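Since this is a predicted model, take the numbers as computed values, not measurements. The chains referred to below are lettered A, B, ... by the order of the sequence lines, with proteins before strands, and numbering in each begins at 1.
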Amino acid sequence: MARQKLRQKDDKHEHCYIRDGKLALPYQYFAGRVGSRFLIALRDKKQILGVKCEKCNRVFVPPRQRCERCMEDLSDSWVELSDTGELTNYTVVNYEDKHLPRKPPYILAMIKLGGADTPLPHILEGIEPGKVELGMKVKAVFADETTNTILDVDHFEPV
Amino acid sequence: MAEYFGTTVDDIFSTQTERFRPEGAEGVDAVIAYDISGAGGGRWMVAIGGGKSETKKLDSLPAEFTAKMITDAETFVGMTVGRIDGMEAFQAGRVRAEGDMAMLLRLPQMFTKYVPPKKPITARDIIETAVDRFQPQYAQELDVTVGYDFTGKGGGQWTAVIKDGKCTLEEGLRDNLTVSNIVSAEDYVDLMLGKLDPMVAFGSGRLKLVGDMELAMKLPKIFAKFVPSEEAEAVEELIVLKKIISVDMEYSTGPVMGQFFEGLMEKKILANVCPKCGRKQLPPREVCAPCRCRADEFVEVGPGGEITMIDDTYYASPDPLTGETRETPYGSLHVLLDGCKDNETFWHMLKKNDLFDAQPGDRVRPVWADERTGSVNDILYFEKVR
Amino acid sequence: MSHKRNRNVGIIGIGQTQYSSHREDVNQPEMINEAVRFALEDAGLTYDDIDCVVHGNMELFEMVHQPDLWHTIGTGAYGKDAYRVTTGGTTGATLVCAADNLVASGMYDIVLAVGFEKLQEGHTTGGITNMADPLWSRNLQTGALTGATAGAMIREFGEERARRAAMKLRIDMDKHAMLNPNSHRSFGLDYDQLDDLMENSPKLVGELRLIHMCSQSDGACAMIFASEEKAKELSDKPVWIRDHITIHREETFNLFGKEDAEREETTHRFAARKLFERNGIDNPVDYFDVFEMYDPSSWWGLDWLREFMLLEGDEHLKMVENDELKIGGRLPLNPSGGVVAANPIGATAMVRVAEAALQIRGDAGGHQIPSEVKHALASGFGGTLWTVLTMLEKDLDW
Amino acid sequence: MGKRVAVCAVEQTGFFTNLWQKRFQEMAFDIVEPIIRKTGVTFDMATGIRNIITCSDDVFDARTISDNAMTDAVGAHYRGEEKVTMDGINAIGYGLACVLSGHDDIILIVGHCKESQSESRDMVTNLAFDPFYYRPLGLDFKNVAALQARAYMNKSGVTDEHLAKVVVNSRKNAALNPAANARELLTEEQVLKSPMTCDPIRLLHEYPVSDGAVAMLLVCEERASEFTDKPVWISGFANCMDSYFLGDKDLVGNFSLKKAAERAYRKAGVKNPAEEFDLVEVNDCFAYQTPMWLEGLGLCGEGKGSALIDGGGLKTCNVNKSGGMLAGNPLMIGGLARAAEAVIQLRGEAGDRQVEGAKKALAHGTTGAAGQFHSVLVLDSE
């Protein structure tokens with residue numbers, strides 16, 4: 001592979017250089033049985049599932065095998081959540097970066113789905129950033145193509 | 001045809017050609033022979049070349065091949081469908097390889113993974129386990145008939161007869177059923193796999209119960225929960241997300257390594273010297289580790305020297321900076337450059353042709369790249385002085 | 001004689017997952033939680049009893065930045081004090097040192113330590129290669145693979161004897177692994193395969209062959225540590241930590257050159273000598289009843305035995321040849337099967353301590369040493385010949 | 001706590017937006033060297049430093065086991081080296097344990113981070129999230145902070161104008177601190193006009209990308225006088241973990257900070273935090289965090305962050321005399337840098353920004369998104 005020459009950022013520092021490189025490695029992440037069930041329901045049935053802790057009486061989303069507070073096993077306590085919910089918080093992301101799912105500006109919101117006790121972060125579209133209001137009703141728009149992640153809901157939009 | 005893990009060896013080879021990935025096989029010209037013993041085994045060859053691939057079943061193995069894999073049918077299928085660890089099978093001698101091992105290790109790049117066709121669980125699969133799931137302790141004194149009327153696609157009709165603490169299953173619906181379940185075959189599967197809540201199904205009318213409701217409520221106890229069999233488990237989808245994570249970096253040389261790289265560009269190898277112990281460092285670093293002081297004087301060493309150690313490497317490791325897999329075998333070596341002593345060795349690569357010829361004690365010299373950019377690659381490799 | 005400490009610390013709970021390369025059924029926190037649950041059950045405690053959680057692994061094996069944050073849902077650290085330590089392969093051993101220090105200091109009474117790795121989620125060899133300097137050695141290194149030790153031993157003891165001893169040790173370890181249901185690898189190797197394996201096991205680097213090398217495993221290990229007072233109150237058979245020592249070394253630029261002319265002592269021997277000196281142990285082979293060593297390959301295991309046990313000449317080869325390292329032998333080495341049988345890297349060095357403690361308790365099951373185990377040694381290995389040694393005792397009588 | 005542990009020396013590189021001319025190894029050795037020189041400490045196995053605690057992060061360093069790269073630069077060749085990889089202030093907590101356990105007399109702590117090495121620190125912190133639910137949404141420590149900022153501002157009445165005051169105050173203090181990164185004075189108007197990067201967070205509300213390193217020498221009580229005549233005593237340390245999933249927790253509840261503070265205060269015998277500290281260093285990566293963390297630490301009443309700012313409390317309470325995190329420290333050692341400033345102040349070596357007669361100080365560190373994990377350290381000069 002052809003390599004670029006070492007480069008200097010300024011000429012004040014003798015013998016000092018930068019080499020452009022990467023941190024790049026392959027990964028494969030497993031969602032596990034609990035996560036797979038959630039992601040498959042999302043992908044195949046356009047259904048958003050939560051898990052309910054009977055002990056704490058809370059319905060969580062995203063799913064997790066254990067209740068973080070009381071550590072009860074939640075892997076068999078599925079609850080179907082509504083695909084609409086209430087916006088509880090948001091920010092307008094106005095910077096650009098490779099890890100971000102959209103070009104700026106876009107709205108990152110927290111949405112409490114019907115049936116859930118914990119809001120879920122997701123992208124809000126279909127509304128001017130200046131018009132977003134806490135408490136507004138929003139609805140999931142499912143993605144056409146699956147990524148087997150939470151982005152199988154492509155975004156939420158106002159009802 | 002013998003099945004292992006629900007798949008045959010033929011199933012796998014019949015999809016071999018369609019799983020070919022030309023982009024993963026650039027520049028490859030190879031014949032891979034397979035000698036697979038045991039029931040369902042046989043001999044196959046897979047030819048790869050010119051951006052194409054061809055698979056043939058053979059009576060006898062080809063005389064010439066790039067690499068050959070020898071194993072048994074069960075192990076082969078198990079490895080292919082991910083139920084047997086290939087490395088482990090290899091280590092334990094259940095798989096043997098002849099010829100170019102590296103070519104076998106490249107196969108996953110050249111062919112996409114074999115995925116066994118999904119065999120979804122049907123209502124019939126589940127109802128046929130009813131007798132096995134019957135729990136007599138909850139059915140003492142019962143003399144009843146339970147009807148199952150599955151509608152829609154994959155539907156059918158069955159009757160479970162419970163009497164004298166025993167359960168039998170018949171096809172078709174009897175008359176005068178004690179209780180009858182009427183539900184679509186699809187919903188029944190979901191109910192039994194826990195994907196559909198029974199109360200929701202009942203409440204919405206998707207599940208109809210006719211007859212003795214009290215008995216209907218007891219059914220989940222009388223018949224234990226359906227657990228998909230080992231084979232059904234195997235096709236359970238577990239989500240995996242593959243990613244190459246890449247973040248650009250600016251690696252600093254600092255003034256010490258910087259001087260060393262300046263030297264390489266001029267075909268000079270510079271070591272820095274510890275003012276306390278006199279240790280020479282290659283490549284130079286700011287600090288002498290044993291003395292915990294700065295080492296800031298530079299001396300030119302080499303460029304020739306004596307080999308102290310060679311690592312002949314057969315395992316292909318990807319270059320973490322490029323992701324490219326190196327050709328094997330290759331040799332890395334430690335050289336005691338002229339002007340250095342003890343452990344003041346220099347780590348680099350050995351010329352490929354010298355790999356099985358050179359040994360510790362031999363004289364070597366660096367072969368410089370024509371275009372030098374201030375990197376480890378400014379020296380192509382060290383070659384034996386003949 | 002003993003190393004000073006503010007208060008004694010006992011191991012009162014141990015949990016390990018099955019080690020495997022197939023853990024698609026769980027994500028990272030779920031796998032960790034398995035080990036945590038087993039440790040709590042073992043100790044008869046609940047999450048509420050834990051004061052502090054110590055977490056460790058290597059970020060780039062799974063590429064999760066500060067993973068203890070996400071893993072809180074598996075470790076149960078919510079609302080608790082927490083630390084995250086990581087020192088390469090020695091991480092698991094450092095977790096034990098950290099938990100010991102945190103309890104002995106009086107800062108916490110009961111500490112849970114969790115080491116894990118899900119190597120299946122990353123590229124292990126690439127990840128290890130990534131430890132090398134990006135401007136130099138990253139282009140030269142191949143994971144943790146080197147034939148240098150094999151080459152040196154062949155030069156010292158002759159090809160036949162050295163290769164035979166390394167393979168004999170490999171088969172000894174597999175025999176032990178067959179007795180341990182948690183092993184990732186237990187092949188059922190037999191001594192009549194020795195010649196065949198010596199010739200036919202594929203070469204990785206030089207005489208380091210595939211069969212000699214450790215696995216890439218998924219798995220987690222959790223341990224619970226308590227102050228002397230609490231340990232006596234909560235456990236019938238606490239295992240006491242007597243002392244530990246950590247010795248690191250500069251990075252690899254010249255690691256495999258000749259020995260340092262002035263020092264002429266490896267990190268392993270240096271660590272063992274210092275540890276045994278300050279604890280008054282003259283003859284480690286006789287003193288210890290079991291040694292759980294971090295043996296990434298049979299060659300290293302064989303070579304390092306000489307260093308850790310302060311042996312001279314070919315004493316270590318004789319120990320292998322005379323069956324002294326097998327369960328029931330003079331100094332059983334890795335009754336668990338060792339690292340060649342299972343290597344979830346961030347947990348591996350902790351598993352050594354956990355297995356040594358199980359031997360002292362008499363709870364090792366199928367691979368329990370038949371005679372009483374009172375004194376145990378565990379080693380961790382990482383980085384560029386870093387070492388951590390931990391001494392465990394059955395009785396508080398040193 | 002029976003026996004005590006002293007901080008006997010502290011050094012910092014000074015913080016810069018891009019120290020491209022140095023490898024991080026040299027950055028570390030630049031501060032280890034003066035510690036050796038000024039205290040006379042050795043690495044003798046019997047009487048000197050046997051154990052070094054480093055603090056760094058593999059992703060930021062782009063090296064697996066990045067402490068492997070540090071061994072020579074921190075003096076750990078043939079000595080012990082243990083890496084704490086969370087906010088470096090926890091290395092002080094762990095160092096405390098090493099000494100109090102009796103295992104070590106002396107601990108050298110060296111924390112480093114070069115945020116400038118990677119193309120984007122936000123890409124690094126995105127990797128702190130799980131791969132399926134949060135990472136694909138592009139969550140990073142900045143946009144999650146923005147969610148927390150909105151929630152906090154709604155609850156507390158802290159306004160954009162208050163945040164401008166916080167930044168202006170940070171810069172005023174930083175101007176007097178030669179080690180600080182962002183030292184140019186700003187007006188409130190400049191802050192109010194700076195672009196909204198992640199509503200309600202403005203560009204000037206963010207800590208600047210920073211490189212640097214901090215080292216400290218911890219010594220047991222019996223031997224502290226061998227190395228300094230101005231020991232600073234660690235009288236309390238604690239930390240606490242909150243929920244991972246953002247929706248699970250009360251974003252503005254300060255749950256883990258309150259718990260960490262309560263435990264640290266108990267150990268240090270602090271009964272009335274609002275009155276006892278002569279100076280306070282809080283790890284404020286974003287301007288809204290200054291008042292929010294002060295509330296969590298019990299230094300002003302619940303919901304009284306805005307009142308504190310309006311009443312000039314940042315000045316009278318000597319909050320972030322260093323300039324704070326807002327003036328620029330790298331993420332991995334934000335809290336460690338806070339502790340360094342507290343030690344410098346308690347030693348009376350803070351020059352133009354010295355708090356006269358400072359005897360008791362609080363240093364705070366945080367790790368994770370929206371303050372998932374907090375650490376609290378109490379230091380005394382007597």
Max heavy-atom pairs within cutoff under 4.5 Å with chain A, candidates C/L135, C/L60, C/T75, goes to C/L60
Using the side chain to side chain contact (heavy atoms under 4.5 Å, CB included) rule, take A/L23 and C/M63 through it: C-alpha gap first, then chi angles, then the decisive distance, then the call. CA-CA 10 Å; A/L23 170 67; C/M63 193 60 106; 3.7 Å; yes
Partner chain A: residue of C/E62, C/K118, C/R23 with the largest heavy-atom pair count (under 4.5 Å): C/E62
Heavy atoms from other residues, nucleotides or ligands near CG of A/D144 exceed 12 (cutoff 6.0 Å): no
Atom pair CZ/CZ of A/R66 and C/R37 - distance to nearest 0.5 Å: 4.0 Å
For C/E233, look at atom CD and say whether over 12 heavy atoms of other residues, nucleotides or ligands are found less than 6.0 Å away. yes
Exactly one of C/N27, C/I73, C/N33 should register a side chain to side chain contact (heavy atoms under 4.5 Å, CB included) with A/R64. Which one does? C/I73
Distance in Å, A/Q65 CD paired with C/M31 CE, rounded so as to fall on 0.5 Å steps: 12.0 Å
Contact origin within C/Q120 toward chain A - heavy atom pairs under 4.5 Å: both
Show the nearest heavy-atom pair for residues A/Y27 and C/F61, with the distance to one decimal. CE2-O, 3.5 Å
Check whether any side-chain heavy atom of C/E30 sits under 4.5 Å from a side-chain heavy atom of A/V34, and report yes or no. yes
Between CD on residue C/E24 and OG on residue A/S36, distance to nearest 0.5 Å: 10.0 Å
Distance in Å, A/E68 CD paired with C/Y78 OH, rounded so as to fall on 0.5 Å steps: 7.5 Å
Please lay out, stage by stage, how C/E121 and A/Y29 fare under the test side chain to side chain contact (heavy atoms under 4.5 Å, CB included). CA-CA 5 Å; C/E121 297 203 349; A/Y29 294 109; 3.3 Å; yes
